[in-house]
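Here is the structure we will look at.
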Amino acid sequence: MEHVAVWIAAFLTLGIISFLYKDNPWYKLSEAIFVGISAGYWFVVLFWDNIYGKFWVGVFPPDVVDEAGNFVSHGVPDYALIVGAVLGVLMLARLLPGVGWISRWPLAFIVGCTSGLYLMNYFSSNIMRQVQGTIIPLFGIGYGASVYEIIGNIVIVGGTFAGLVYFFFSKEHRGAFGATAKVGIWVIMITFGASFGYTVMSRMSLLIGRIDFLFGDWLGLIK
Amino acid sequence: MRREIPLLITAITGIVFVLQYFIPHAPFNKMNTWFSDWFSIVGAFAIWLGALNLLKISFQKIMDKKSDWFFALVIIISFFVITIIGFAEGQGFREPGTTFSWLYDYVYSPLSATMFAILAFFVASASYRAFRARNFEATLLLLSAFFVMLGRVPVGDIITGFLPQQYQLSQVASWIMTFPQTAGQRAIMIGIALGLVSTSLRIILGIERSHLGGGD
């Protein structure tokens with residue numbers, strides 16, 4: 001069975017790689033399987049984790065038992081979860097012509113939750129914490145930093161400030177402000193380059209993994 | 001009514017989440033728990049909506065005998081195979097040795113890893129065409145990408161092996177990632193967060209309504 005599984009995985013892997021030559025039926029078949037399997041995978045995972053695990057078990061909780069398996073008490077149902085299920089079912093109304101507008105209610109709920117969460121969490125973690133992380137002693141606590149760290153700390157403080165100045169569009173980028181914005185764009189370009197390099201290397205790492213699978217697990221050429 | 005009720009729902013849920021942050025006591029903590037649970041449940045249904053929509057489109061393609069209708073059939077079959085197995089195997093569907101985990105290990109995982117892996121070729125091809133040191137900014141981008149890529153592979157340190165260790169390419173790449181990259185990311189992150197906070201506020205207050213779509 002393991003042998004067949006490796007052959008199937010190799011067949012599908014090569015099918016996707018074949019797209020590098022050109023779009024072809026082998027690639028399309030692998031792609032269609034990927035789309036169907038992905039949709040089905042999340043369909044099942046979210047059913048068991050959220051709809052069954054959260055809603056069903058919450059509304060119809062199992063009895064509480066002790067370590068020996070003896071009955072202790074009945075579980076306490078949380079009927080408030082029914083509202084979530086009702087909102088979820090209303091979401092499916094989008095597929096039905098005529099009553100599709102009702103799916104705006106669960107959508108509004110999702111948007112409201114996300115907005116409320118983002119408003120506070122992003123303000124706390126992505127603004128305040130980042131500002132806090134940027135206000136650092138340039139020469140290290142107790143002046144113990146090396147030249148390497150001192151330059152790095154100056155780059156972090158100055159770079160963050162200059163980057164923020166670049167994103168400030170309410171004032172024309174001229175004079176000292178424009179010069180700072182210019183430094184900001186340099187820092188951002190370095191960031192984009194580094195992020196790009198990092199992404200390419202992560203993709204390369206995935207590619208090496210697949211090549212390793214093909215030549216190792218499948219063909220057995222790499223021991 | 002079709003617009004007012006959704007606006008009210010958005011405002012109430014948004015305000016509860018904000019209040020709960022400052023007042024983590026009854027009734028807001030309880031409401032926060034409810035809303036978080038409902039959010040998970042609605043999210044699951046939203047994925048169901050996406051999957052059902054995919055099936056609807058695929059069936060339509062087969063009915064209309066459009067080109068490549070065969071691949072729409074493959075999508076439907078793949079979907080039902082994993083779904084039926086996942087439901088049949090019950091709550092322990094993810095445990096090692098189940099057919100569902102077999103499908104994950106030998107079908108889903110290789111396909112998804114290869115799909116992302118071949119992006120390496122497209123990124124390399126696009127960068128070959130786009131990366132030109134036309135001006136100072138473009139040169140900075142090019143050099144930073146070059147140092148990070150070369151610093152992440154052993155050959156980088158071999159090339160610069162004659163230099164002291166702290167000047168070798170792996171160390172340069174590490175310095176770029178730790179300092180200038182952090183500074184730029186931080187500026188971008190703060191900028192995005194400021195935009196998100198203001199947009200969230202607009203949504204909660206009902207000023208921004210585009211998520212409700214057109215019509216009544």
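Chain letters run A, B, ... following the sequence lines, proteins first and then strands; every chain starts at 1.
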Taking CH2 in Trp42(A) as the centre, count heavy atoms belonging to other residues, nucleotides or ligands within less than 6.0 Å. Is the count above 12? no
Kindly check if the number of other-residue, nucleotide or ligand heavy atoms within 6.0 Å of CZ (Arg94(A)) is above 12? no
Please rank Gly50(B), Ser112(B), Ser58(B), Ala51(B) by heavy-atom pairs under 4.5 Å with chain A and give me the top one. Ser112(B)
Between Tyr148(A), Tyr198(A), Trp48(A), Phe55(A), which has the largest tally of heavy atom pairs under 4.5 Å with chain B? Trp48(A)
Does Ser170(B) offer a backbone N or O that forms a donor-acceptor pair with the side chain of Ser174(B) under 3.5 Å? no
When the 4.5 angstrom heavy-atom criterion is applied to Trp48(B) and chain A, the contacting part is both
Determine, step by step, whether Val42(B) and Leu107(A) satisfy the side chain to side chain contact (heavy atoms under 4.5 Å, CB included) criterion, reporting the C-alpha distance in whole Å, the side-chain angles of both residues, the deciding distance to 0.1 Å, and the verdict. CA-CA 9 Å; Val42(B) 177; Leu107(A) 190 68; over 6 Å; no
Toward chain B, the part of Val89(A) with a non-hydrogen atom under 4.5 Å: both
For chain B, the option from Tyr41(A), Tyr122(A), Phe213(A), Tyr118(A) that forms the most heavy-atom pairs under 4.5 Å: Tyr41(A)
Scored by heavy-atom pairs under 4.5 Å with chain A, the best of Ser36(B), Gly90(B), Ala138(B) is Gly90(B)
Is there a side-chain contact between Leu29(A) and Val74(B) (heavy atoms, below 4.5 Å)? yes
Any donor-acceptor pair under 3.5 Å linking the side chain of Ser125(B) with the backbone of Phe121(B)? no
Between Ser144(B) (side chain only) and Ala194(A) (backbone N and O only), is there a donor and an acceptor less than 3.5 Å apart? yes
Gap separating the CE atom of Met189(B) from the CZ atom of Arg186(B), nearest 0.5 angstrom: 7.5 Å
Among Ser30(A), Gly116(A), Gly36(A), the residue with the most heavy-atom pairs under 4.5 Å to chain B is Gly36(A)
Which atoms of Asn153(A) are under 4.5 Å from chain B, going by heavy atoms: the side chain, the backbone, both sets, or neither? both
Quick check on Leu201(B) against chain A: is it the side chain, the backbone, both or neither that has a heavy atom closer than 4.5 Å? both
Under 3.5 Å: donor-acceptor pair, side chain of Glu149(A), backbone of Ser146(A): yes
Among the listed options Gly184(A), Gly133(A), Gly112(A), the residue most often paired with chain B at heavy-atom distances under 4.5 Å: Gly112(A)
Looking at Leu143(B), Leu119(B), Thr182(B), which makes the most heavy-atom pairs under 4.5 Å with chain A? Leu119(B)
Highest number of heavy-atom pairs under 4.5 Å with chain A: which of Phe70(B), Phe146(B), Phe122(B), Tyr108(B)? Tyr108(B)
Could you tell me which portion of Ile188(B) (side chain, backbone, both or neither) has an atom closer than 4.5 angstrom to a non-hydrogen atom of chain A? both
Spell out the residues in residues 162-169 of chain A that have some non-hydrogen atom less than 4.5 Å away from a non-hydrogen atom of chain B, in order of number; otherwise answer 'none'. Gly163(A), Leu164(A), Phe167(A)
Could you check whether Asp68(B) pairs with Lys28(A) (Lys NZ or Arg NE/NH1/NH2 to Asp/Glu carboxylate O, under 4.0 Å)? yes
Quick one: are the ring centres of Phe109(A) and Trp105(A) less than 6.0 Å apart? no
Count the heavy-atom pairs under 4.5 Å between each of Ala39(A), Gly15(A), Ser125(A) and chain B, then report the option with the highest count. Ala39(A)
Under 4.5 Å from any heavy atom of chain A - which part of Phe22(B): side chain
Between Leu49(B) and chain A, which part of the residue has a heavy atom less than 4.5 Å away: side chain, backbone, both or neither? both
Can you say whether Met201(A) sits under 4.5 Å from chain B via the side chain, the backbone, both, or neither, judging by heavy atoms? side chain
So which of Lys56(B), Met177(B), Arg94(B) has the biggest tally of heavy-atom pairs under 4.5 Å with chain A? Arg94(B)
For each of Phe35(B), Phe87(B), Phe116(B), tally heavy-atom pairs with chain A at distances under 4.5 Å, and name the one with the top tally. Phe87(B)
What do you reckon, are the aromatic ring centroids of Phe17(B) and Phe28(B) less than 6.0 Å apart? no
Side chain, backbone, both or neither of Leu194(B) within contact of chain A (heavy atoms, under 4.5 Å): both
Taking Ser115(A) for the side chain and Val111(A) for the main chain, is one N or O donor matched with an acceptor at less than 3.5 Å? yes
Contact origin within Thr199(A) toward chain B - heavy atom pairs under 4.5 Å: neither
If only side-chain N and O atoms count, and only distance matters, is there a donor-acceptor pair under 3.5 Å linking Glu95(B) with Ser101(B)? no
Spell out, as yes or no, whether a donor-acceptor pair under 3.5 Å connects the side chain of Trp175(B) to the backbone of Gln166(B). no
Single hit among Phe34(A), Phe19(A), Phe11(A), Tyr21(A) for ring pair (Phe, Tyr, Trp, His ring centres under 6.0 Å) with Tyr27(A): Phe19(A)
Options Val187(A), Leu87(A), Leu119(A), Ile185(A), ranked by heavy-atom pairs under 4.5 Å with chain B, top entry: Leu119(A)
Keeping the roles fixed (side chain from Glu89(B), backbone from Phe100(B)), state whether a donor-acceptor pair exists under 3.5 Å. yes
